[in-house]
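Data block below; observations after.
Note: hydrogens, waters and symmetry copies are ignored here, and every other heavy atom, side chains too, is used. The structure presented is a predicted model; accordingly, all values stated were derived computationally and were not measured. Numbers restart at 1 for each chain; the letters A, B, ... are given by sequence-line order, proteins then strands.
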Amino acid sequence: MKSAIELNEIRNTFKDEVCQYTNGSIARILVGVATCGIAAGAESVISEFQEQLNQLGLSDIAITQTGCIGVCDLEPIVDVIMPGEDKVTYVRMTPEKVKKVVSNHIKNGHIVEEYTIKHILDNLNTKGLANINSTKLEEVNFFKKQKRIALKNCGIINPESIDEYIALNGYKALEKAIIEMTSKEVVDLLKESGLRGRGGGGFTTGLKWEFTAKAENDKKYVVCNADEGDPGAFMDRSILEGDPQSILEAMTIAGYAVGANKGFIYIRAEYPMAVKRLEKAISQAKEYELLGKNILGTNFSFDIELRLGAGAFVCGEETALIRSIEGERGMSVQKPPFPANSGLWGKPTLINNVETFANITQMILKGSEWFRSIGTEKSPGTKVFALGGKITNTGLVEIPMGTTLREVIYEIGGGIPHNKEFKAVQTGGPSGGCIPFTHIDSPIDYDTLTAIGSMMGSGGMIVMDEDNCMVDVAKFFLEFVSHESCGKCSPCRIGTKRLLEILTKITEGKGTIEDIDNLERLSHDIKATALCGLGQTAPNPVLSTLKYFRHEYEAHVNEHRCVAGVCKAFKSYTIKPVRCVGCGVCARVCPVHAITGVVKKPYSIDQEKCIKCGACMDQCRFEAIENTFKKERE
Amino acid sequence: MENVKKCCANQQTSKTLLKAKEELRDIKGKEGALIPALHKIQSVYGYLPEEALMLVSEELDIPITQIYGVASFYSFFSLEPKGQHIISVCLGTACYVKGAQNILERLSSELGIEEGSTTEDGKFTLQATRCIGACGLAPVIMIDEKVYGKLSSHDIPKILREYK
């Protein structure tokens, strides 16, 4: 394909097929098949649909795979669209349920109410998701406060079909940019929009583009940072699995704007499905000549190559990422010079994160004013968060900046399950911090989060409840960063190790008050002296927990107790004889055979053998097992 | 008899080496080819054996010391052979706050090995891994490429039985 006219022809041909909001003319079954969908059993659901439809001679009904819509907890999710009818969303599907859906709904036109999202949520009475009168997913509370720009196509189109992407205005932005706009106009538009880097730092994207555009060189590069390393974050994975073409299109536009002809996507090897979909997307784009020489008949040529990471968190830092693509150890280097002037192989290089790129096409089509109308003045647009931890509705949400933490956690996320108490929300991954309930009404934007001791980060949002120990959480992050430090500068290499040692000492019950002071002092020293972003932000989990949860540190040291009942040094499990009915379940689940007793009589735990894993307590239906420190707290 | 066996074993090695060589052909001459080359080798052998690294050194004209430096920097690359099934326990934040540590401990006691090692029969390698991005299903483990989600420690024996 050479021209914009041909692109338009494809757009018209495939429009009907993907039109699921209007009454399409073709029946279609959409199954969410991203990593989480597959883990929940989406593949067996698809094969059952195929078998059932074949048996009924309805094999002309298309079964389409799509990306993740974001409600992980309800996977596998299936949309059934019959001609002339509204879309029906079935959730938590199994092969058994498929049989009934095919025979009742698809064959005879009777919706299977009890499997629809409405019915299942009504019965679960899940806060935040319930109160809907629709069989459609979009009308659930979980989606009402969302605004989807980066996730626009995720869960809507088949990510392995470039035609569907084109049908939903795909490559229209590229057409507009390279045919109607000059490079400078594209850069100016981006600057006016105020878009800030979604990888965490929040640097103005337009400026990055401008610096790279102005750097003079015969060769320049565009790099997409898909090394999504923050534990608890999976936004980029979902975008790449659900809408890979949008990233290719945006990178091509970036290439045009800054004057580069070659792009690299640096992606984690731990995301095999995203890699597979990107490979397919690149080969389709090449086939359609949307990548390659003389794109859309212009003089502009651009090509994209995939590079796999190899399990080093530090490679999310741009200078380390550059070294890694060059085939070296991924170690950061001093900035300046910035990559915009001297990046890959010393050439000017534009590096943006996946989600940043995911905003570009919409912005080109709708303009900077539209973008600025969403979000806040200093943080325009939306942000995708991966909501996880102790929260009712886990999943992926895209919200306008400025939405409060309370809205996300309680209205979209449905609050804390099992009537537990909220303790903190962690944002920004290992570079971020833990935010306590006193800041729950803070708006989510770059500057507010930094001001309250955390940061935006790439978008992990992990909720913690009363059962999480904040010293242990700080230790968890320090274990992570000390392991992932590249080792180049001593503040990070040695400093994070010392922080970890002190935290371990405290959680083992051997800490002193001086240790707490040392933690604080050392944290500030590391922040001030480390070479790159990883080291400079590594102490944040310690500092934020010290700021808001110092009493927990002090309880470990002064009173030898862990209020959350997590730290093993302070806890012991015992069986309350009055409650124990002698069912023996605890003895069976105990991995070290520490529990003994006679059936129908109270059991007991051998404290010498007990490894304090808590498996017995999780399994006891009679609440007969207690963790001693919890008791004292209550 | 013994000779025959040896001969077959040699053939096997040279066959794999040949395959590795073939895989390297496309990469040769690319800018920054080393890491893609190591990925290819690991997909052929399951780990990075010395003979294959020597081959990479020859083919790409990179000193072996530099290759060792890169291979040992990245946790995805292994210089030791791994078990038939690789069990990765996600220790991302979402999994951690939902008890991933207990899952890891249970696996460790069921298999009788420490994290990072392989069972004597070469069947399982147990490793902790960085976030695999299935946080909505936390805590999760991955056996080879299959993800198991929403686990509690007593699910472990049943899952292991699938592979025994």
Sub-4.5 Å side-chain heavy-atom contact between [X] and [Y]:
X: B/Phe73; Y: A/Met331; answer: yes
X: B/Tyr96; Y: A/Pro231; answer: no
X: A/Phe477; Y: B/Thr93; answer: yes
X: A/Ser324; Y: B/Ile35; answer: yes
X: A/Arg307; Y: B/Lys30; answer: yes
X: A/Arg329; Y: B/Ser72; answer: yes
X: A/Arg268; Y: B/Ile132; answer: no

Portion of [X] that has a non-hydrogen atom of chain B nearer than 4.5 angstrom:
X: A/Glu326; answer: backbone
X: A/Asp230; answer: backbone
X: A/Glu75; answer: neither
X: A/Ala386; answer: neither
X: A/Glu228; answer: neither
X: A/Glu479; answer: neither
X: A/Cys486; answer: both

From [X] [atom1] over to [Y] [atom2], what is the distance, rounded to the nearest 0.5 angstrom?
X: A/Asp467; Y: B/Lys98; atom1: CG; atom2: NZ; result: 12.5 Å
X: B/Cys135; Y: A/Met461; atom1: SG; atom2: CE; result: 13.5 Å
X: B/Glu31; Y: A/Trp345; atom1: CD; atom2: CH2; result: 4.0 Å
X: A/Lys568; Y: B/Gln101; atom1: NZ; atom2: CD; result: 7.0 Å
X: B/Ser75; Y: A/His483; atom1: OG; atom2: NE2; result: 6.5 Å

Could you report the tightest heavy-atom contact between [X] and [Y], atom names first, then the distance?
X: B/Val97; Y: A/Val463; answer: CG2-O, 4.4 Å
X: A/Gly232; Y: B/Cys131; answer: N-SG, 3.3 Å
X: A/Glu328; Y: B/Tyr74; answer: O-OH, 2.8 Å
X: A/Ala39; Y: B/Leu137; answer: CB-CD1, 3.5 Å
X: A/Phe476; Y: B/Gly92; answer: CZ-C, 3.7 Å

Looking only at heavy atoms and a cut-off of under 4.5 Å, which of [options] has the most pairs with chain B?
options: A/Gly311, A/Ala310, A/Gly327, A/Cys72; value: A/Ala310
options: A/Gln426, A/Met235, A/Lys390; value: A/Lys390
options: A/Thr35, A/Ile325, A/Leu308, A/Asp618; value: A/Leu308

- Item | Which atoms of B/Gln42 approach chain A - backbone, side chain, both or neither, heavy atom under 4.5 Å | neither
- Note on the structure: Applying a strict 4.5 Å limit to non-hydrogen atoms, the region of B/Lys146 in contact with chain A is neither
- Item | Contacts with chain B made by residues 585-593 of chain A (heavy-atom distance under 4.5 Å), listed by residue number | A/Val589, A/Pro591
Are there residues of [range] whose heavy atoms fall under 4.5 Å of chain A's heavy atoms? If so, which?
range: residues 105-115 of chain B; value: B/Glu105, B/Arg106, B/Ser109
range: residues 156-164 of chain B; value: none
range: residues 62-69 of chain B; value: B/Gln66, B/Gly69

